[in-house]
There are 2 protein chains.
Amino acid sequence: MTKGEETKQFIIERSAPIFNTKGIAATAMSDITEATQLSKGSLYVHFENKEVLAASAVDYNMQLLSNKVMAAVNKQKTAKDKLFAFVDTLKDPLSPPVTGGCPMMNFGTEADDTNQLVKTKVNQAFDNAELTIAGIIQQGIKEGSMNPDWNYKEFATMIFAMIEGGIVMSRVAGNISKMNIIVKNIKKMITEQLI
Amino acid sequence: MTKGEETKQFIIERSAPIFNTKGIAATAMSDITEATQLSKGSLYVHFENKEVLAASAVDYNMQLLSNKVMAAVNKQKTAKDKLFAFVDTLKDPLSPPVTGGCPMMNFGTEADDTNQLVKTKVNQAFDNAELTIAGIIQQGIKEGSMNPDWNYKEFATMIFAMIEGGIVMSRVAGNISKMNIIVKNIKKMITEQLI
DNA sequence: TCAAAATATGACCAATCGGTCATATTTTGA
DNA sequence: TCAAAATATGACCGATTGGTCATATTTTGA
């Protein structure tokens, strides 16, 4: 990696948690100069403008989340354990795997009326998450440990909606009691489909 | 209502959809002067500052949503029909009952790290929504139309998490296919508890 | 009716916004 | 090694931000 590429990556890493916490609109380029200790002009050597930097930060945050989830999932062997690991990675929104909370949630709500590019990125991330869940269940069915009549595609949508909803509710409440209820019931729903 | 009170209310009504769509940080006082055709100084006669106006707009949006939901719910007689009406009011996030989408979602995600006042308001709204659902089910159990062993408090939490999650996912996707799946399954879960 | 109180106006303020650019420094590879 | 290319600096730009205030207009109730 050249010096320039290193600096570019460094800027993304430092700015990603700021964008995810404050939001794109509320994050100023001066926040980034402060966090990176780089001059303004240097930022603009690596990024055409704030929008491009923000888009990179969105990608970075979502990739980081995906990596953490997949690392936990891949540690497990059975489909059931993988699903549980997926859920457990996201079960504490007050200590989230990515600083600032779920980037799909944060950027999705900010962008849905205003930023087509970010909106598309978030949508793809949602689809990927569902595909991951669906893929695990497919494996479980093939291995004979899960109910082959399970409508797992619909379940993948529901499980993720519940988690996302639980995240907002718990973050706003300042405690994870609602998320605990949700996680418990998701696991119950999974268990009911085990053979 | 005095002239001043009327103007104050007028400002809130005009600014509420803007705050709910663009977000608090991204909404400028100049957006409000444009929408109301009032001078800047006049805005500051009625609101101490932008933060206070935004808080009023948050209240207004959430109250408006609550009113619409309750109006639909109160048209129904049985507990089952009331629950279905509750869900049906929120089932199309692309044509939401409140301009800009669910205010709890929008303001909740923007405020959770940055605005304690708004955070508290949203949290109360979430609790109210759950209490409404729980209250309907209590009525159903008392009337003998719903399973008395139903853990309806947990269900109230789950139903709302699913809806909120479905809203983000559908808004970002630009279509309501995921929300349709969620609504269908929520209704199925309700039906399973009918006697 | 009419004067006092409330409300509306818009020019104006300092601070901050995203972004530029001439210049200086550092990195790069032939 | 060394010159060309890439990168870093920070003063500077016009636009916009939230907010103020002297002044003008409208509303209010005795």
Side-chain angles (χ1 to χ4, degrees), chain A residues 1-60 106-107 110-111 113-118, chain B residues 1-60 106-107 110-111 113-118:
Chain A
M1 211 164 29
T2 75
K3 181 80 198 311
E5 286 167 332
E6 244 168 44
T7 304
K8 185 170 183 175
Q9 198 58 29
F10 170 75
I11 294 169
I12 294 173
E13 282 165 21
R14 288 299 178 94
S15 60
I18 303 175
F19 280 114
N20 201 35
T21 303
K22 303 181 70 169
I24 296 174
T27 297
M29 291 306 277
S30 60
D31 291 328
I32 314 298
T33 60
E34 194 182 345
T36 57
Q37 296 284 21
L38 286 167
S39 66
K40 219 174 198 184
S42 182
L43 297 184
Y44 282 88
V45 167
H46 301 284
F47 299 95
E48 197 183 333
N49 53 41
K50 178 185 162 181
E51 205 182 359
V52 172
L53 172 55
S56 297
V58 168
D59 281 333
Y60 180 84
N106 293 335
F107 297 125
E110 182 177 1
D113 295 302
T114 53
N115 189 325
Q116 184 60 52
L117 174 65
V118 169
Chain B
M1 222 175 5
T2 75
K3 181 78 198 313
E5 286 166 333
E6 244 168 42
T7 304
K8 184 170 183 173
Q9 198 57 28
F10 171 76
I11 294 169
I12 293 173
E13 282 165 20
R14 289 298 178 95
S15 61
I18 304 175
F19 279 115
N20 201 35
T21 303
K22 304 181 68 170
I24 295 174
T27 297
M29 292 305 277
S30 60
D31 292 328
I32 315 298
T33 60
E34 193 181 347
T36 57
Q37 296 284 22
L38 285 167
S39 65
K40 217 172 200 185
S42 183
L43 296 184
Y44 281 90
V45 167
H46 300 284
F47 298 94
E48 196 183 335
N49 52 43
K50 178 185 162 182
E51 205 183 359
V52 171
L53 172 55
S56 296
V58 169
D59 281 334
Y60 180 85
N106 293 335
F107 297 124
E110 182 176 2
D113 295 303
T114 54
N115 189 325
Q116 184 60 52
L117 174 66
V118 169

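Chain identifiers are assigned alphabetically (A, B, ...) following the order of the sequence lines, protein sequences preceding nucleic acid strands; residue numbering begins at 1 within each chain. Just so it is clear, the model here is predicted, and its values are computed rather than measured.
Among the protein residues, A/Gly41 comes within range of the nucleic acid bases, having at least one heavy atom under 4.0 Å from a base atom. Nucleic acid contact class of B/Thr36 (heavy atoms, under 4.0 Å, all strands): none. Across all strands, B/Thr33 comes closer than 4.0 Å to no nucleic acid atom at all (heavy-atom distances).
Rounded to whole Å, atom C1' of C/dT26 lies 14 Å from atom CD of A/Glu6. Distance CD1 (A/Ile24) to P (C/dG18): 12 Å, rounded to an integer number of Å. As a whole-Å value, the separation of B/Leu43 CG from D/dT17 C1' is 14 Å. Taking atom CZ of residue B/Phe47 and atom C1' of nucleotide C/dA8, one finds them 15 Å apart after rounding to whole Å. To the nearest angstrom, C1' of D/dT17 lies 13 Å from CD1 of B/Ile32. Atom CE in A/Met29 sits about 17 Å away from atom C1' in D/dT16, given to the nearest Å. Whole-Å rounding puts the A/Lys50 NZ to C/dG19 P distance at 8 Å. Atoms CG (A/Leu38) and C1' (D/dT9) sit 10 Å apart, rounded to a whole Å.
In terms of polar N and O atoms assigned as donor or acceptor, the side chain of B/Lys40 comes within less than 3.5 Å of the base of D/dG19 in a complementary pairing.
For B/Lys3, counting side-chain heavy atoms from C-beta on, the closest listed nucleotide (D/dT9, D/dT28, D/dT7) is D/dT28. Side-chain proximity of B/Asn49 to D/dG19, C/dG10, D/dT9: nearest is D/dG19.
Comparing A/Tyr44 and B/Thr7 by the nucleotide of DNA chain C whose heavy atom lies nearest to each, the residue mapping closer to the 5' end is B/Thr7.
In DNA chain D, runs of at least 3 stacked Watson-Crick or G-U pairs (N1-N3 plus N6-O4 or O6-N4, or N1-O2 plus O6-N3, all under 3.5 Å) give these stems: C:1-30 with D:1-30.
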